[in-house]
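These notes are about the structure you will find just below.
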Amino acid sequence: MFVSLLLLDHDRKVFKRYVEIGRVALVNYGKEYGRLVVIVDVVDQNRVLVDYPDIVRGQMNLKRLQLTDFKIDIPRVPKKKTLVAALEEADIKNKWESSSWGRKLIVQKRRAALTDFERFKVMLAKIKRGAAIRQELSKLKKQNAS
Amino acid sequence: GFLLLPPFAAPLLSTEGAFPSAAREGVEEGEEGAAARGAEGGAAMAIFRFHQYQVVGRALPSPSEEHPKIFRMKLWATNEVRAKSKFWYFLRKLKKVKKSNGQVLAINEIFEKKPTTIKNFGIWLRYQSRTGYHNMYKEYRDTTLNGAVEQMYTEMASRHRVRHPCIQIIKTATIPSKLCKRENTKQFHDSKIKFPLVNRKVRPPTRKLKTTFKATRPNVFM
């Protein structure tokens, strides 16, 4: 007698990111780790043809890719020029770098590239920030206590 | 340069039966290996176990036959030595010539002309099962013919337990989408193809970061 609400709710989509032509994906395994690519065609269930302005178009296993929210409007297997133009139009680079996921990756890269002196400076900055927070907190505590 | 195939050699080369030759159009030899192209940061080019070779050979000239007929074969082997061996194996079955009284005139590796486009490959093969010989036609979607042949070998091994020495490739061809027979390949002939990734396996970005125990349960959605 129990009818699943999921079955009744036709408008709600469970999946938001699809493997489709024009989907922007992030490579998260292998030689091309950390690079954005665009899916330009589907070989079969597990592999897709990917392309980006600075790489040679080639196939990749979907296991190495993580789909992003971004999708551009391209025909199947576009010429390099068309791809570059579509990427420019959709402004993927800026959208990616201003998205929370993209920003996190940039921060990770920066942190990994810190020198020892920079890490020392970060430590001092953290201490300073912590001290400022605790000062404010103790002020608020005093206010509340009184 | 150089090889004069006598005009009547052509029908001889295309006999039916166990004569493995690739009927693929537009074969080019001596093209720079795709591995070099992929090295500049491309997403492609796997290492292929099976390479495609063109082997050309003939019987040795003798007083009775000054200019023996020259035969050409396209076949798959792991290396050139094996390719030559396979050439003689097949030629022995068709002509009265052996390696000892013949010569290989040329052996060239054949590389994929356009490894950046997806093609549908049809492979006709003859294989030996536990109970006899059978013919088969299989279809694969891949960017390169070598990739499709490799898929074929692994699929035959897994589905039919047929090891690669027991498989003879009769013919391979690039099939236009309209003529594909298998539903498995036809389901990808959709210019607006779209599917979600269900039940993703989370894995660390390098093997070094693999651990036996994890602190949290995996998030399998995306």
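Residue numbers start from 1 in every chain, and the chains themselves are labelled A, B, ... in the order their sequence lines are given, proteins ahead of strands.
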Per-residue contact mode, A:L62 against chain B (heavy atom under 4.5 angstrom): both
Contacting moiety of A:N28, where chain B heavy atoms sit under 4.5 Å: backbone
If I compare all heavy atoms of [X] with all of [Y], which pair ends up nearest, and what's the gap?
X: B:T116; Y: A:R57; answer: O-NE, 2.9 Å
X: A:Y29; Y: B:R207; answer: OH-CG, 3.7 Å
X: A:V42; Y: B:F188; answer: CG1-CD2, 3.9 Å

Is the shortest side-chain heavy-atom distance between B:D142 and A:R47 below 4.5 Å? yes
Tell me, do A:F15 and B:K194 make a side-chain contact under 4.5 Å, heavy atoms counted? no
Does [X] have more than 12 heavy atoms from other residues, nucleotides or ligands lying within 6.0 Å of its [atom1]?
X: A:K93; atom1: NZ; result: no
X: B:K99; atom1: NZ; result: no
X: A:K126; atom1: NZ; result: no
X: A:R111; atom1: CZ; result: no
X: A:E88; atom1: CD; result: no
X: A:K79; atom1: NZ; result: no
X: B:N219; atom1: CG; result: yes
X: A:K63; atom1: NZ; result: no

Relative to chain A, which segment of B:F221 carries a heavy atom at a distance below 4.5 Å: side chain, backbone, both, or neither? side chain
For the CD1 atom of B:I193 and the CD1 atom of A:I21, what is their distance to the nearest 0.5 Å? 7.5 Å
Do B:K192 and A:R76 pass the side chain to side chain contact (heavy atoms under 4.5 Å, CB included) test, and can you show the C-alpha distance, the side-chain angles, and the key distance before you say yes or no? CA-CA 8 Å; B:K192 304 230 177 13; A:R76 197 175 71 90; over 6 Å; no
So, does B:R141 use its side chain to make a donor-acceptor pair with the main chain of A:V43 at under 3.5 Å? yes
Here's a test for you: under side chain to side chain contact (heavy atoms under 4.5 Å, CB included), which of A:V77, A:D41, A:V48, A:V40 qualifies with B:I118? A:D41
Under 4.5 Å, counting heavy-atom pairs only, tell me which of A:K16, A:Q45, A:R23 racks up the most with chain B. A:Q45
Which of the residues A:D44, A:D51, A:V27, A:L67 is involved in the greatest number of heavy-atom pairs with chain B at under 4.5 angstrom? A:D44
Which of B:T206, B:T117, B:V198 touches chain A most, by non-hydrogen pairs under 4.5 Å: B:V198
